[in-house]
Amino acid sequence: MKKLLVTGTGGYIGCMLGPYLEKHGDQVTGVDTGYYLDGWLYNGLRQTPKMIIKDIRNITTQDLEGYDAVIHLAELSNDPLGQHNPEVTYQINHIGSVELAKRAKAAGVQQFIYTSSCSVYGVGTDDIKNEETPPQPQTAYAQCKVLVERDVQALADDHFSPTFLRNATAFGASPRMRFDVVLNNLSGLAWTTKEIRLTSDGSPWRPLVHVLDICEAVRCTLAAPRDAVHGQIFNVGDTQANYRVREIAEIVSETFPGCGLSIGKSDGDNRSYRVSFDKIKACLPDFQCKYTPRHGAEELRKVFEYIDMSSDTFQFRAFTRLKQLKHLINTHQIDEQFFWREM
Ligand SMILES: NC(=O)c1ccc[n+]([C@@H]2O[C@H](COP(=O)([O-])OP(=O)(O)OC[C@H]3O[C@@H](n4cnc5c(N)ncnc54)[C@H](O)[C@@H]3O)[C@@H](O)[C@H]2O)c1
């Protein structure tokens with residue numbers, strides 16, 4: 001049994017990852033500042049690990065003592081959030097993450113797993129990107145991912161072993177739902193409006209991965225021999241799961257009975273990225289994606305049926321990361337640096 005600290009357990013992936021790792025026999029403590037704790041779509045978890053409410057920027061070396069591994073997810077988690085305030089994004093996502101890794105190393109933590117993103121590849125061509133492809137980040141969010149990979153890689157030595165998991169775009173059900181990722185968003189639209197209208201022709205490619213397959217990649221990284229993962233970057237997903245946006249829309253509309261689908265004309269914006277996920281399969285033979293986008297859409301339909309999801313719930317601010325952060329700013333609950341204000 002390993003003693004694990006998982007950051008971001010109040011979020012979409014982290015909320016599923018903590019219980020997943022506990023179910024596989026590890027002992028998990030979560031940390032999160034709690035930006036999205038207003039949102040809990042459904043109660044689908046049997047056990048949740050204990051969660052410390054703390055900003056990663058305030059985590060001390062002492063807080064990190066005694067853990068075998070840190071799995072770090074807690075960041076501002078998408079491009080629109082990053083673009084909304086690039087300065088704070090650098091403070092949390094770049095500086096905050098690198099300082100956390102340095103403190104983990106100082107505390108004697110042996111392994112550090114960082115959830116990076118396929119968005120580091122940027123956009124542009126139909127070429128298939130792999131881990132050797134030079135990153136071309138287009139946004140503050142993606143730029144920070146590249147900077148964290150670089151700076152945490154530099155900390156790797158005999159006593160500190162980082163691994164960088166570049167996740168595809170996630171989908172699937174989680175109590176701390178995100179409706180601002182493509183498949184979940186389209187599924188919510190299909191359920192609440194019975195119509196998906198793409199304004200463009202939907203030709204861009206998007207690699208997708210189920211939230212539980214991301215959890216499995218973390219589990220496999222923790223279980224792997226050190227040499228297989230030390231200092232390594234892995235794209236997390238399945239090479240078969242590079243879809244065009246219109247294919248994702250088709251899958252969703254087929255899964256939600258009575259849902260119409262209309263596809264627009266090419267708007268000349270053909271920004272795409274296709275990704276190879278062959279390396280993770282080769283280096284972590286236990287890893288395999290179990291869930292397709294069709295499984296994800298079906299799972300979401302069942303959850304929506306189960307909770308009789310209303311339009312208001314679908315549009316609730318806490319399920320769209322940027323809406324919730326704007327709400328916390330506008331209601332003066334967090335300050336300019338996104339620290340909670342004392343009331
Ligand atoms: N969801 C995806 O499609 C996807 C794809 C690739 C990579 N990732 C990465 O995976 C990680 C988790 O993503 P997610 O979808 O669960 O995002 P999320 O926004 O649902 O969760 C992030 C969590 O981090 C917390 N957090 C943010 N800043 C913090 C801080 N300063 N201190 C403490 N906690 C803080 C938030 O409160 C939130 O609970 C992120 O690093 C994200 O960039 C996600």
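Atoms within a ligand are numbered from 1 in the order they appear, just like the ligands themselves.
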Distance to 0.1 Å, residue and atom name: give those for the protein heavy atom nearest to atom 28 (N) of ligand 1. Y35 CE1, 3.4 Å

Side-chain ion pair, R341 and E336, N-O less than 4.0 Å: yes

Under the side-chain contact (heavy atoms from CB on, under 4.5 Å) rule, collect the residues that match up with Q333, sequence neighbours excluded. H327, L328, T331, W340, M343

Using heavy-atom distances only, which candidate in I56, D55, V88, D32 approaches atom 39 (O) of ligand 1 most closely? D32

In terms of atom number and element, which parts of ligand 1 are under 4.0 angstrom from non-hydrogen atoms of G34? 37 (O)

Establish, yes or no, whether the cationic atom of K279 lies under 6.0 Å from the six-membered ring centre of F234 and within 45° of the ring axis. yes

Give the residue and atom name of whichever protein heavy atom lies nearest to atom 22 (C) of ligand 1, and the separation in Å to one decimal. E75 O, 3.7 Å

Inspect the contact between E195 and R197 and indicate whether a charged nitrogen and a carboxylate oxygen are less than 4.0 angstrom apart. yes

Quick test: of every protein heavy atom, which one is nearest to atom 19 (O) of ligand 1, and how far off is it to 0.1 Å? S77 OG, 2.6 Å

Heavy atoms, side chains only, cut-off 4.5 Å: are E22 and Q47 in contact? yes

Protein contact of atom 26 (N) of ligand 1 - nearest heavy atom, named by residue and atom, plus distance: A74 CB, 3.9 Å

Counting only heavy atoms, which portion of R178 has something under 4.0 Å from ligand 1: side chain, backbone, both, or neither? side chain

contact_flag R166 ligand 1 heavy-atom lt 4.0 Å: no

Below 4.0 Å from ligand 1: does a non-hydrogen atom of S174 turn up there or not? no

Note: I92, heavy atoms under 4.0 Å from ligand 1, region reported as side chain

Does a side-chain heavy-atom distance below 4.5 Å link Y35 with S77? no

Non-hydrogen atoms of K145 versus ligand 1: any pair closer than 4.0 Å? yes

I need the nearest protein heavy-atom contact for atom 40 (C) of ligand 1: residue, atom name and distance, please. L73 O, 3.1 Å

Is the closest N or O pair between S117 and ligand 1 shorter than 3.5 Å? no

Ligand 1 contact by G96, heavy-atom criterion under 4.0 angstrom: no

Contacting atoms of ligand 1, where contact means under 4.0 angstrom from a heavy atom of T169: 3 (O)

Check S116 against ligand 1 and report side chain, backbone, both or neither, counting heavy atoms closer than 4.0 Å. backbone

Would E298 and R294 pass as an ion pair if we require N to O under 4.0 Å? no

Where ligand 1 meets A170 - atom numbers and elements under 4.0 angstrom, heavy-atom basis: 1 (N), 2 (C), 3 (O)

Check this for me, if you would: do R317 and D38 make a salt bridge, where the nitrogen-to-carboxylate-oxygen distance has to be below 4.0 angstrom? yes

Let's go through F314 and F319 carefully: what are the C-alpha distance in whole Å and the side-chain angles of both, what is the deciding distance for ring-ring contact (aromatic ring centres under 6.0 Å, His included) to 0.1 Å, and is it a yes or a no? CA-CA 7 Å; F314 172 50; F319 302 130; 9.2 Å; no

Any heavy-atom pair between the side chains of F160 and Q111 that's under 4.5 Å? no

Geometric cation-pi criterion, R57 with F339: 6.0 Å, 45°: yes

Atoms of ligand 1 less than 4.0 Å from G10 heavy atoms? 39 (O)

Is there a chain of hydrophobic side chains (I, L, V, M, F, W, Y, each step under 4.5 Å between heavy atoms) that links Y42 to F256? yes

of all protein heavy atoms, closest to atom 21 (O) of ligand 1 is G11 CA, 3.4 Å

the protein heavy atom lying closest to atom 10 (O) of ligand 1 turns out to be T115 OG1, 3.5 Å

Does A168 reach ligand 1, in the sense of a heavy atom lying below 4.0 Å from it? yes

Run the side-chain contact (heavy atoms from CB on, under 4.5 Å) test against S116 and tell me which residues pass, sequence neighbours left out. Y114, V120, K145, E149, R166

Is it true that E305 and K302 have a side-chain N and a carboxylate O under 4.0 angstrom from each other? no

Would you please determine whether Y141 falls within less than 4.0 Å of ligand 1 on a heavy-atom basis? yes

Protein heavy atom at shortest distance from atom 29 (C) of ligand 1: T33 CG2, 3.8 Å

Are K105 and D157 close enough for a salt bridge, meaning some N to O gap below 4.0 Å? yes

Hey, looking at atom 44 (C) of ligand 1, which of T89, N167, I13 has the closest heavy atom? I13

With a cutoff of 4.0 Å, is R321 in contact with ligand 1, counting heavy atoms of the residue only? yes

